[in-house]
> 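Would you mind keeping the following structure in view while I ask a few things?
Here is the naming used below: chain letters follow the sequence lines, and residue numbers restart at 1 for every chain. Everything numeric here is computed off the predicted structure, so don't read it as measured data.
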Amino acid sequence: MTPELTKSLAHGMRRIRTVEETIAARYSEQEMRCPTHLSSGQEAVSAAAGALLRHSDLAVSGHRAHAHYLAKGGSLNAMIAEIYGRVTGCARGKGGSMHLIDEAVGFMGSTAIVGGTVPVGVGLGYSLMIKGGDDIACIFLGDAVVETGVFHEALNFATLKNLPVLFICENNFYSVYSPLEVRQPTAREIHEKIAGYGIHTASGDGNDVAAVHAVMSDAITKIRAGGGPAFLEFSTFRWREHCGPNYDDDLGYRPDPMIEEWTARDPISLFEGKALADGRLIQGEIDAMQQEIDTEVNAAFDFARSSEFPPAEEADMHVFADQMTGGPL
Amino acid sequence: MTPELTKSLAHGMRRIRTVEETIAARYSEQEMRCPTHLSSGQEAVSAAAGALLRHSDLAVSGHRAHAHYLAKGGSLNAMIAEIYGRVTGCARGKGGSMHLIDEAVGFMGSTAIVGGTVPVGVGLGYSLMIKGGDDIACIFLGDAVVETGVFHEALNFATLKNLPVLFICENNFYSVYSPLEVRQPTAREIHEKIAGYGIHTASGDGNDVAAVHAVMSDAITKIRAGGGPAFLEFSTFRWREHCGPNYDDDLGYRPDPMIEEWTARDPISLFEGKALADGRLIQGEIDAMQQEIDTEVNAAFDFARSSEFPPAEEADMHVFADQMTGGPL
Amino acid sequence: MRSFANEIRDGLDQALAEDPGVLVFGLGVPDPKGVFGTTLDLQEKYGEKRVFDMPTSENAMTGIAIGAALGGFKPVLTHQRLDFALLSMDQLVNNAAKWHFMFGGKRSVPITIRMILGRGWGQGPTHSQNLQSWFAHIPGLKVVMPALASDAKGLLLSSIFDPNPVIFLEHRWLHNAQTEAADTNKPIPLGEANLLREGDAVTVVSVSYMTIEALHAVDVLKEQGISCDLIDLRSISPIDWPKIEKSVKKTGKLLVLDTGFKSFGIAAEIMAHITETCFRDLTLPPARLTAPDYSESTSPALTKDYHIRAEHIAARIGDMTDRDVSIEPILNARGAAHDVPGNWFTGPF
Amino acid sequence: MRSFANEIRDGLDQALAEDPGVLVFGLGVPDPKGVFGTTLDLQEKYGEKRVFDMPTSENAMTGIAIGAALGGFKPVLTHQRLDFALLSMDQLVNNAAKWHFMFGGKRSVPITIRMILGRGWGQGPTHSQNLQSWFAHIPGLKVVMPALASDAKGLLLSSIFDPNPVIFLEHRWLHNAQTEAADTNKPIPLGEANLLREGDAVTVVSVSYMTIEALHAVDVLKEQGISCDLIDLRSISPIDWPKIEKSVKKTGKLLVLDTGFKSFGIAAEIMAHITETCFRDLTLPPARLTAPDYSESTSPALTKDYHIRAEHIAARIGDMTDRDVSIEPILNARGAAHDVPGNWFTGPF
Ligand SMILES: Cc1ncc(C[n+]2csc(CCOP(=O)(O)OP(=O)(O)O)c2C)c(N)n1
Ligand SMILES: Cc1ncc(C[n+]2csc(CCOP(=O)(O)OP(=O)(O)O)c2C)c(N)n1
Ligand SMILES: [Mg+2]
Ligand SMILES: [Mg+2]
């Protein structure tokens with residue numbers, strides 16, 4: 001791995017972590033008044049995707065989308081302002097944490113209904129197929145999404161039309177408090193079940209960013225070359241409660257050994273530890289990187305907190321569009 | 001194969017064929033005023049299921065359900081009367097050809113929305129699982145059903161809970177006029193894709209009733225023994241138009257060689273031909289059987305045509321039930 | 001003369017020709033019957049990428065339409081029955097209707113969803129639902145219900161080129177309705193009702209196939225000296241309140257016709273709104289004639305009195321105007337059985 | 001004192017104990033939070049076969065509930081938001097609502113579907129929909145909307161043991177509402193509205209959480225010499241028309257309150273029906289206060305005036321009675337921010 005890529009992955013993960021942990025630290029101020037699902041502990045998948053996707057690739061996500069949005073290049077200021085409900089937010093305060101959008105970098109939207117953006121992503125893939133070129137549509141999803149019928153319908157269509165669509169499943173073994181085994185037969189892993197469709201599938205350790213990067217890079221190359229859709233499963237672990245800023249392992253819904261094992265495998269330390277050991281990174285670089293990130297993140301919070309709330313008149317705006325927003329083809 | 005089973009399968013197929021062809025012959029009289037989907041050519045799968053299922057097993061089906069209903073033991077008189085819209089119909093004229101029910105023999109209902117009864121069948125399987133015993137729930141479905149999300153959701157749940165559910169897919173390669181290849185990737189067969197779920201799957205020639213019987217018997221034995229759900233795919237071919245009494249191959253939506261090949265492989269002649277050749281059946285038995293069937297079928301049409309229409313007051317009845325119809329558990 | 005179905009087909013053809021972003025798909029779109037003739041030959045003309053069949057996956061295909069719209073296209077999705085579209089309410093209501101709003105106006109979703117409303121010949125409970133009030137209740141959806149063949153193309157073009165999701169409801173009994181070939185290359189603006197007949201006895205507000213029955217009733221009554229305003233709404237969201245209010249202020253009497261279930265249906269909103277705005281003008285309580293609060297059965301014996309027909313409308317107007325009216329001319333003009341749109345129809349769909 | 005959530009939980013507990021056919025499932029049912037406390041400990045008590053979590057498969061799980069009902073059980077399915085249940089409209093409307101009808105009365109479908117109605121604290125457009133008018137429009141569905149904690153258990157028991165599919169809508173802001181421990185082992189019949197306050201100024205008809213705001217408004221106005229009939233519908237299908245009509249015949253004035261979008265909502269049907277039956281008794285046009293025709297935004301800055309609160313109700317009654325009313329007592333009693341049910345609530349759900 002090149003030093004550039006090493007730095008990029010470390011930076012990607014640290015930036016996401018810092019944003020999420022700053023939200024957690026400030027959430028109790030009761031100024032971020034919307035449901036917020038943090039990705040602390042799950043940064044590796046997004047960081048790898050961020051290093052591989054172009055701005056002209058199109059991405060969608062679900063309720064836990066901060067990391068995907070940031071990795072794709074979405075504006076940090078606009079995201080934090082959105083969570084603070086300000087008019088400078090990426091959705092002008094209409095959507096909150098679960099509705100992120102930054103079309104300038106190809107982040108086409110995240111929504112709050114489990115599975116809801118999967119067919120939207122496939123439809124984006126259809127539009128890319130007609131237009132030609134080698135851009136791809138990327139759909140971020142959780143393990144619960146594969147339980148939704150719409151996922152299977154959309155996957156069937158993507159396969160049928162050989163669309164340039166990358167499905168990235170972050171399997172953190174839980175849907176809210178519900179373990180995988182009360183929702184899906186676990187004799188086979190998710191990607192093994194999906195392999196039945198006959199598309200390219202692969203899996204990997206979602207806390208090992210280098211492994212994720214390799215698996216993803218391979219899949220993306222195949223898709224760009226016209227190989228049709230691919231489905232990737234990465235196992236990982238969410239550190240904090242499903243929704244909100246706290247830790248909730250006192251509730252006992254996740255086994256202690258599981259918690260210990262996974263939190264010990266912090267994707268950032270794992271990756272940086274190796275890179276430091278074999279000299280691809282030096283501590284000074286990391287410190288500088290972190291300082292730069294802290295500055296950026298603090299600035300984003302300052303930006304959000306000093307932004308105006310949307311004026312009351314905006315409450316009933318945007319129900320209907322007066323004109324096409326996308327322009328002609 | 002025993003002579004009893006041989007006779008039973010021949011009888012089952014001939015009975016379905018005779019019913020369907022009589023409907024086709026009389027449809028133009030404009031007295032059967034409802035959408036009607038005939039199973040001529042597809043009798044083998046139903047006949048085999050009929051020979052294997054008990055009345056205490058529970059079955060559901062979709063729009064093309066005549067054969068399934070009859071094979072399960074549903075009252076012929078009540079079905080024909082239903083198609084004629086009479087009060088003696090199995091749904092008192094409310095439902096027509098697409099809404100068949102005969103709970104006395106475990107035929108729990110067929111409905112008109114593609115995929116609509118799949119989860120209902122799985123729910124019946126759940127009820128059987130709680131009650132214990134070795135009865136099973138049987139879901140008849142067409143090839144289009146595997147495109148519906150609800151099928152995948154229901155299959156996931158059936159697998160998760162290891163329910164006694166048999167999925168029987170009759171793949172006749174068409175959904176209305178649409179060939180399989182405009183709806184599903186065909187590099188893999190349906191049962192191969194489903195095999196990803198890790199349940200028992202198998203396939204067979206749906207026009208070879210002995211083969212169907214063997215494949216089905218094996219699956220049913222496994223399910224009754226607690227082996228969980230199974231999915232079976234049988235390829236077959238519908239002779240007449242999707243909906244209605246006519247042939248429509250003049251429209252050119254099915255390739256001529258396909259039509260010729262499949263209609264040459266009439267499941268009844270195929271089976272009886274072999275049985276006659278190896279002496280398990282003699283022509284006299286077949287003739288007697290057919291005469292008996294003709295008498296029964298004619299009587300059913302007489303019954304239907306001489307039955308009353310439902311009185312006008314029934315139009316708004318049955319919107320709500322006044323009491324539980326199922327009784328206590 | 002051209003049929004409603006021809007006009008729909010020409011609307012699709014024109015849209016596809018005018019704008020390379022228009023896509024047309026749905027179950028059976030390229031099949032030999034072409035969705036009751038409305039999509040014939042379009043695939044041959046515009047290719048398989050722009051005009052295509054689809055899997056029986058109503059929910060995903062709606063989401064795929066949304067995604068294609070976000071990708072710059074203008075998809076038109078067809079359902080052969082509204083009833084099948086119940087599978088797609090999540091994508092329609094949680095995504096399509098709200099996308100522009102919930103992303104603060106960042107992106108509109110220009111999709112058109114054609115749904116066909118079934119009736120008669122044993123369609124039964126799940127092939128005959130007219131759930132327009134559901135769609136009209138959802139902010140962010142437009143709801144168009146053409147009645148006249150001469151309006152079909154113009155309304156469809158406006159729907160396709162509207163930047164918002166539009167539910168376009170085609171009644172199955174209208175596909176064969178005829179019109180003089182109208183110059184309908186021009187879109188008809190959504191939200192403009194059509195005053196089809198003028199009079200001062202009663203304001204009759206109608207949609208979709210009910211307008212055909214209403215025209216018959218109103219014309220027969222005219223010969224009996226009772227003349228009514230007949231307003232064909234054409235779109236129920238947006239809805240042309242000024243036109244209805246103006247008429248009610250003149251007549252003082254409102255009769256609303258709808259093809260859907262009565263309770264909590266669109267007639268209720270029209271009655272409620274007009275009562276709010278024109279209470280002092282009303283000389284009678286507003287009235288409605290709609291489908292009853294139960295499903296259409298399959299047996300023809302159970303559907304004889306299910307649907308509102310011209311004779312019911314005429315009789316009701318007679319009641320509302322305290323006049324004896326004769327419905328004989330209507331009954332005498334009736335040629336076909338009650339469960340078919342005309343004698344040309346011999347089932348099954 | 002017991003909370004609304006406690007009462008729901010006890011209703012489930014009692015039903016499970018009384019009848020081995022009762023099943024309770026839904027996302028999160030056995031989890032440590034127990035669906036806002038309404039399902040706590042039930043799995044421990046009744047086992048994993050009768051009380052269970054489920055995959056995120058809302059449509060299939062509804063069909064599975066139907067199948068289990070046909071197999072002799074009485075399933076109770078819970079959705080943590082109504083919005084998620086949009087995925088299940090096909091099973092609900094095409095199967096559950098119609099099964100008894102379309103099979104000629106052969107088999108009823110005794111399922112109860114609990115859906116929670118979200119509001120406030122940034123729930124946003126897809127976690128705050130109140131689509132009761134959709135369900136009420138469908139023949140074959142019953143629709144129950146409890147307001148008082150003291151009604152919650154009795155209405156739930158009636159729903160579970162009703163032979164028909166019942167949509168049971170629980171407003172999230174009610175779960176913490178308190179009641180004296182009532183003897184609610186008795187089911188409360190569906191379709192019986194509750195006259196909570198008596199007066200002759202205006203008939204106020206209300207459902208679900210709106211009743212809490214209405215109680216406040218009506219009580220404050222009483223002190224100012226204006227006394228109203230306040231009717232809490234409790235169920236909107238069936239609906240207690242006689243009670244509403246009787247009151248309107250007395251007051252001549254109708255104000256309908258609803259938590260849903262205004263247009264084509266349940267208030268319209270109530271206004272339309274009462275205008276049909278009580279036109280000559282009405283001295284004013286019937287009025288409504290509902291959510292507006294746009295979605296609830298996420299930012300608290302955009303929801304301040306979104307919901308109808310007691311002050312709006314009081315002011316409107318003042319208008320309708322031509323009386324000066326003071327809303328000061330209401331505003332002064334307000335302790336918490338506008339986007340939370342009380343100060344105890346600190347998000348996120
Ligand atoms: C259709 C639907 N059902 C239920 C919910 C409630 N819900 C919100 S997030 C979530 C968990 C999803 O789990 P997963 O996909 O594994 O993502 P994770 O939260 O683990 O990242 C659920 C069930 C929803 N938003 N939409
Ligand atoms: C959800 C839904 N979409 C579309 C239809 C229209 N439709 C009726 S039958 C049918 C074909 C189903 O094909 P298949 O399952 O292969 O059964 P076959 O008719 O071949 O026996 C379709 C699409 C429907 N009834 N329901
Ligand atoms: Mg998860
Ligand atoms: Mg088929």
> Count the heavy-atom pairs under 4.5 Å between each of C:Thr56, C:Leu70, C:Val109, C:Ile66 and chain A, then report the option with the highest count.
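Among C:Thr56, C:Leu70, C:Val109, C:Ile66, the one with the most close pairs to chain A is C:Leu70.
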> If I measure from the heavy atoms of chain A, does C:Pro55 come under 4.5 Å with its side chain, its backbone, both, or neither?
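Looking at C:Pro55, just its side chain touches chain A.
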> Is C:Lys98 close to chain A through its backbone or its side chain, or both, or neither, when contacts mean heavy atoms under 4.5 Å?
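When you check distances to chain A, no heavy atom of C:Lys98 falls under 4.5 Å.
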> Can you name the closest pair of heavy atoms from A:Met108 and A:Val60 and give their distance?
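Where A:Met108 meets A:Val60 most closely, the heavy atoms are CB-CG1, 4.1 Å.
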> Considering non-hydrogen atoms only, spot the tightest contact between C:Val144 and C:Val166 and give its length.
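Residues C:Val144 and C:Val166, closest heavy atoms: CG2-CG1, 3.6 Å.
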> Select one option (side chain, backbone, both, neither) describing which atoms of A:Leu58 are under 4.5 Å from chain C's heavy atoms.
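Looking at A:Leu58, nothing touches chain C.
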> Heavy-atom distances under 4.5 Å only: say whether A:Ser110 touches chain C with side chain, backbone, both or neither.
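Just the backbone, heavy atoms under 4.5 Å.
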> Relative to chain A, which segment of C:Asn59 carries a heavy atom at a distance below 4.5 Å: side chain, backbone, both, or neither?
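Both backbone and side chain.
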> Between A:Lys161, A:Arg92, A:His99, which residue shows the highest count of heavy-atom pairs closer than 4.5 Å to chain C?
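Counting heavy-atom pairs under 4.5 Å, the top option is A:His99.
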> What residue, out of C:Pro238, C:Ala65, C:Ser57, has the most heavy-atom pairs lying under 4.5 Å from chain A?
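Looking at each option in turn, the highest pair count goes to C:Ser57.
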> What are the two closest heavy atoms between A:Phe309 and A:Tyr84, and how far apart are they?
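Distance-wise, the nearest heavy atoms are CE2-O, 3.6 Å.
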> Under a 3.5 Å cutoff, is there a donor and acceptor pairing between the side chains of A:Asp102 and A:Ser75?
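Looking only at side-chain atoms, A:Ser75 and A:Asp102 do not form any donor-acceptor pair under 3.5 Å.
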> Could you report the tightest heavy-atom contact between C:Arg114 and C:Val35, atom names first, then the distance?
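The answer is NH2-CG1, 4.3 Å.
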> If you count heavy-atom pairs under 4.5 Å with chain C, which of A:Asn156, A:Thr117, A:Leu128, A:Thr111 comes out on top?
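Ranked by heavy-atom pairs under 4.5 Å with chain C, first place is A:Thr111.
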> If you compare all heavy atoms of C:Leu169 against all heavy atoms of C:Pro146, which two are closest, and at what distance to 0.1 Å?
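For C:Leu169 versus C:Pro146, the nearest heavy atoms are O-CD, 3.3 Å.
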> Any idea how A:Phe140 and A:His68 line up, ring-wise: parallel (<30°), tilted (30 to 60°), or perpendicular (>60°)?
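Ring orientation, 0 to 90° scale: parallel.
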> Just to verify, which of A:Arg64, A:His37, A:His66 counts as forming a side-chain hydrogen bond (donor to acceptor under 3.5 Å, both in side chains) with A:Ser97?
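Among A:Arg64, A:His37, A:His66, the one that satisfies the side-chain hydrogen bond (donor to acceptor under 3.5 Å, both in side chains) with A:Ser97 is A:His66.
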> Flag the one option from A:Gly95, A:Cys90, A:Gly121, A:Gly89 with the top tally of heavy-atom pairs under 4.5 Å to chain C.
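Winner by heavy-atom pair count: A:Cys90.
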> State, to 0.1 Å, how close A:Thr325 and C:Ser108 come at their nearest heavy-atom pair, and which atoms those are.
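So the minimum-distance heavy-atom pair works out to OG1-N, 2.7 Å.
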> Can a donor-acceptor pair be found between the side chains of C:Gln132 and C:Asp258 at a distance below 3.5 Å?
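Yes.
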> When you look at CD of C:Glu18, are more than 12 heavy atoms from neighbouring residues, nucleotides or ligands closer to it than 6.0 Å?
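Result for CD/C:Glu18: enclosed.
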> Applying a heavy-atom distance below 4.5 Å, give me the residues of residues 310-317 of chain A that approach chain C, sorted by number.
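When heavy atoms of chain C are the reference, residues 310-317 of chain A contributes A:Ala315, A:Met317 within the under-4.5 Å range.
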> Could you tell me which portion of A:Leu100 (side chain, backbone, both or neither) has an atom closer than 4.5 angstrom to a non-hydrogen atom of chain C?
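Only the backbone of A:Leu100 comes within 4.5 Å of chain C.
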> If you count heavy-atom pairs under 4.5 Å with chain A, which of C:Met102, C:Lys142, C:His100 comes out on top?
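Most pairs with chain A among the choices: C:His100.
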> Is C:Lys74 close enough and on-axis enough to C:Phe161, meaning under 6.0 Å and within 45°, for cation-pi?
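No, a cation-pi geometry is absent between C:Lys74 and C:Phe161.
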> Check each atom of C:Leu87 against the heavy atoms of chain A and say whether the ones under 4.5 Å are side chain, backbone, both or neither.
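C:Leu87 has no heavy atom closer than 4.5 Å to chain A.
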> Does any backbone or side-chain atom of A:Glu103 lie under 4.5 Å from a heavy atom of chain C? Answer side chain, backbone, both or neither.
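Only the side chain of A:Glu103 comes within 4.5 Å of chain C.
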> Report which part of A:Tyr126 has an atom under 4.5 Å of a heavy atom belonging to chain C: side chain, backbone, both, or neither.
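It is the side chain, since no backbone atom gets that close.
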> Can you say whether the rings of A:Phe231 and A:Phe151 are parallel (under 30°), tilted (30 to 60°) or perpendicular (over 60°)?
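Geometry flag for A:Phe151 against A:Phe231: perpendicular rings.
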